[in-house]
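Input: a single structure, listed below in structure tokens.
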Amino acid sequence: MKIVACIKQTFDTEAKIAIGGDGQISDEGVNLIVNPYDEFAVEEAIRTKEKDGGEVVVVTVGGDKAQEALRYCLAMGADRAILVNDPALAKADSRAVAVTLAKLLSEKEAGFDIVFTGKEAVDDGAAQVPAQLAERLDLPLANVATALTISDGKATATREIDGGSEDIEFALPAMVGAQKGLNEVRYPSLPGIMKAKRKPLDVLSLADLGLGADDVAVKVEMVSAELPPARQAGQRLTGEVDEVVAKLVQLLKDEAKVI
Amino acid sequence: MALNFDMTEEQEILRKSVRGFAEREIAPVARELDAKEEFSLELTLKMGELGLFGMFVSPEYGGSGLDYVSYIIAVEEIARVDGSQAATVAAGNSLGIGPIYYYGNDEQKKEWLPRLCTGEILAGFGLTEPNAGSDAGNSKTNAVLDGDEWVINGSKIFITNASAPNTGVIIVQAVTGKRPDGRPEMSCILVPAGTPGMECRPMHGKMMWRASNTTEIYFSDCRVPAKNLLGKRGAGFHQMLATLDGGRLSIGAMGLGGAQGAFEKALRYSQERIQFGRPLFDFQAIQFKLADMAMEIELARNLLYKACWLRSNNRPFSKEAAMGKLYCSEVMGRVVDQAVQIHGGYGLMQEYDVERFYRDQKLLEIGEGTSEVQRLVISRSLLQ
């Protein structure tokens with residue numbers, strides 16, 4: 001089996017978000033991790049290989065720092081990694097990422113049996129790439145999957161839906177969007193970390209894929225970013241019960257506007 | 001521009017991995033294992049699976065072939081969450097695996113290292129005796145060659161990992177004769193667990209490291225083949241000193257990691273706990289404590305990593321190892337003291353982890369060379 005896992009490097013979920021002088025979210029001093037949902041995808045990819053044999057290729061679109069995220073996946077047990085790094089992708093939106101990955105997977109890395117992604121990335125929470133990529137690759141997509149079995153070129157997945165879950169069956173090649181619960185993610189073992197040093201990690205530009213800056217021109221642009229307003233201090237009402245109640249009712253009406 | 005504080009990519013990944021493992025697997029059970037004074041075979045095997053044993057051993061014997069800084073980062077990250085498990089790992093590597101890897105012959109390495117490196121078995125380092133602690137040169141356990149067997153008599157005490165369910169072998173330092181200068185000849189001998197004549201009893205009632213395994217050992221006419229001698233006859237004292245030099249780095253890592261863990265807990269608590277209508281952190285008295293803690297931890301880390309760097313680059317590191325061990329353990333002492341202080345009454349309760357960190361710290365000033373012995377080692381080096 002040729003197994004692909006698509007990942008995104010994101011902020012640590014405990015990172016403090018700060019807006020830089022340019023009005024954009026600053027990544028200075030922020031600990032970067034593999035998007036937690038993508039970790040489920042990589043784990044499932046490795047488990048699939050451990051069961052059925054084959055090769056796990058991890059791919060991402062990102063800057064220089066994204067190499068560490070890929071190396072982390074190699075240390076977990078993936079076989080090789082590809083980073084698409086291009087200045088034209090610096091402000092890539094979901095569509096640009098889907099276009100890039102689709103081109104990579106339909107040409108240079110064609111011939112895969114299954115593609116895993118996380119159901120969404122924890123940074124922008126857009127949850128766009130799995131569906132857009134599946135559409136571009138013309139593949140069935142089992143998104144928000146919490147269980148998966150593969151046998152004889154067919155797969156069965158359990159996926160979360162409104163108010164419950166459904167089991168679906170589909171033929172390979174296909175895509176699976178991983179949800180929490182799909183598996184328990186392993187930590188890279190120390191021998192695994194040492195082995196990862198010698199595994200191939202290729203860096204490709206858009207030109208290497210036969211794409212130009214126009215192909216990935218953004219449709220969505222971040223105009224500005226602002227932090228949620230700081231929580232206001234509460235008010236303490238003191239005095240006789242009647243006064244306090246009257247005041248409270250008045251405040252609920254006029255200030256909080258809830259009654 | 002030779003000075004460089006960047007970690008390698010592998011070291012960054014290793015820290016993330018071990019930290020994640022410690023938080024997921026160790027943190028949820030640490031308090032209970034401490035309360036029950038229980039060694040966890042399950043956790044030991046999981047730590048083995050992650051590759052926490054045999055980190056600096058070459059892959060040909062089943063290790064990971066990591067540098068010493070990486071090893072120390074791993075111990076630091078375990079100690080950040082729990083001292084007992086860090087003790088199992090640090091002693092397992094520095095005291096158990098180290099001597100066999102550095103002084104064993106090929107046959108001994110092939111026999112023991114692959115299983116030691118997976119955590120399937122553990123090795124204990126039998127040095128301290130009831131009447132020979134800091135005065136290790138005065139140990140009395142003796143081994144006499146009788147035909148092609150060593151016959152061992154005597155006793156050892158406070159030996160880590162020597163009576164765990166998966167203890168496989170004990171490295172025993174014994175007097176094997178007299179040197180020409182009249183002083184005792186010391187040698188190290190490998191005694192497989194279960195050898196008749198060797199009795200290993202777990203020690204209980206400990207103040208600290210309660211979930212790690214500590215043992216007293218009695219030898220009465222315990223016989224092992226002559227070939228179980230580790231390295232050269234008479235090399236035992238030197239092997240012990242060199243092993244302790246390396247061991248000091250891992251004790252330093254336990255101090256550093258423990259200090260980091262206690263500091264983080266105190267910092268978080270200071271932001272959550274409200275007194276006089278404000279979080280504790282709003283009070284300068286608390287801010288200054290945390291500032292001092294952060295500064296001392298930074299200093300401790302720089303010193304310890306430098307000592308590891310010296311070792312990794314095959315430079316003399318004895319003085320820096322002693323300084324690192326001494327400073328890191330004393331920094332943890334000051335940090336846990338203030339961490340409990342910041343927690344107030346709750347800090348005295350087992351429900352809050354700083355209570356355990358406070359107890360676990362004390363060993364670091366005593367084990368593998370007391371703070372006083374470290375000062376001796378450092379001061380001797382000043383006149384060289």
Side-chain angles (χ1 to χ4, degrees), chain A residues 7 9-16 29-36 38-40 42-43 46 50 58 64-78 81 83 180 183-201 203 230-231 233-236 238, chain B residues 6-26 45-67 69-75 77-78 89 92-93 97 114 117-119 264 267-268 271 274 277-279 282:
Chain A
I7 67 154
Q9 188 179 43
T10 57
F11 281 23
D12 192 325
T13 46
E14 288 177 15
K16 275 227 165 75
V30 170
N31 189 26
L32 299 171
I33 59 168
V34 177
N35 170 39
D38 297 343
E39 279 196 330
F40 296 120
V42 175
E43 176 67 35
I46 295 169
E50 284 168 350
V58 186
D64 297 341
K65 287 180 185 167
Q67 290 205 25
E68 193 196 315
L70 289 173
R71 198 66 75 182
Y72 188 91
C73 299
L74 293 173
M76 283 174 71
L83 166 65
K180 187 178 179 182
N183 51 47
E184 190 180 8
V185 179
R186 75 192 66 194
Y187 290 104
S189 74
L190 277 53
I193 293 170
M194 294 307 279
K195 274 186 210 139
K197 275 210 292 201
R198 291 183 295 276
K199 291 179 177 173
L201 192 165
V203 183
R231 252 175 52 185
Q235 290 184 42
R236 182 184 288 263
T238 50
Chain B
D6 282 332
M7 294 280 138
T8 64
E9 201 173 60
E10 298 84 58
Q11 287 163 345
E12 298 278 3
I13 293 174
L14 178 138
R15 190 187 290 280
K16 264 185 199 166
S17 177
V18 179
R19 178 171 293 199
F21 171 87
E23 285 174 355
R24 186 169 83 188
E25 303 290 341
I26 299 175
L45 294 175
K46 277 185 187 169
M47 293 195 290
E49 212 174 293
L50 191 67
L52 289 175
F53 295 100
M55 289 182 250
F56 50 76
V57 171
S58 71
E60 97 178 271
Y61 295 112
S64 302
L66 289 165
D67 64 292
V69 178
S70 300
Y71 165 48
I72 251 45
I73 290 173
V75 175
E77 287 301 328
I78 302 283
V89 169
N93 282 288
I97 290 172
C117 290
T118 59
E264 287 175 25
L267 178 62
R268 197 174 318 127
Q271 292 164 287
I274 309 287
R278 290 187 284 169
D282 279 9

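Since the structure is predicted, the reported quantities are computational estimates derived from the model, not experimental observations.
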(request) Specify the closest pair of heavy atoms between A/P188 and B/L50, including all atoms of both residues, with the distance to one decimal. (result) O-CD1, 3.5 Å

(request) Among A/K195, A/M76, A/E68, A/R186, single out the residue with the greatest number of heavy-atom pairs under 4.5 Å to chain B. (result) A/E68

(request) Quick one: closest heavy-atom pair of B/L14 and A/L190, and the distance? (result) CD1-CG, 3.7 Å

(request) Name the member of B/E25, B/E12, B/R24 that forms the most heavy-atom pairs with chain A at distances under 4.5 Å. (result) B/R24

(message) Please report the interatomic distance CG(A/L74) to CD(B/E9), rounded to the nearest 0.5 Å.
(response) 9.0 Å

(request) Measure the spacing between CZ of A/R71 and CD of B/E10 and express it to the nearest 0.5 Å. (result) 7.5 Å

(request) Sort B/E49 into side chain, backbone, both or neither according to what part of it lies under 4.5 angstrom from a heavy atom of chain A. (result) backbone

(message) Looking at every non-hydrogen atom in both residues, tell me the closest pair between A/L32 and B/K16 and how far apart they are.
(response) O-NZ, 2.5 Å

(request) Provide the closest heavy-atom pair for A/Y187 versus B/S17 in the form atom of the first, atom of the second, distance. (result) CB-OG, 3.4 Å

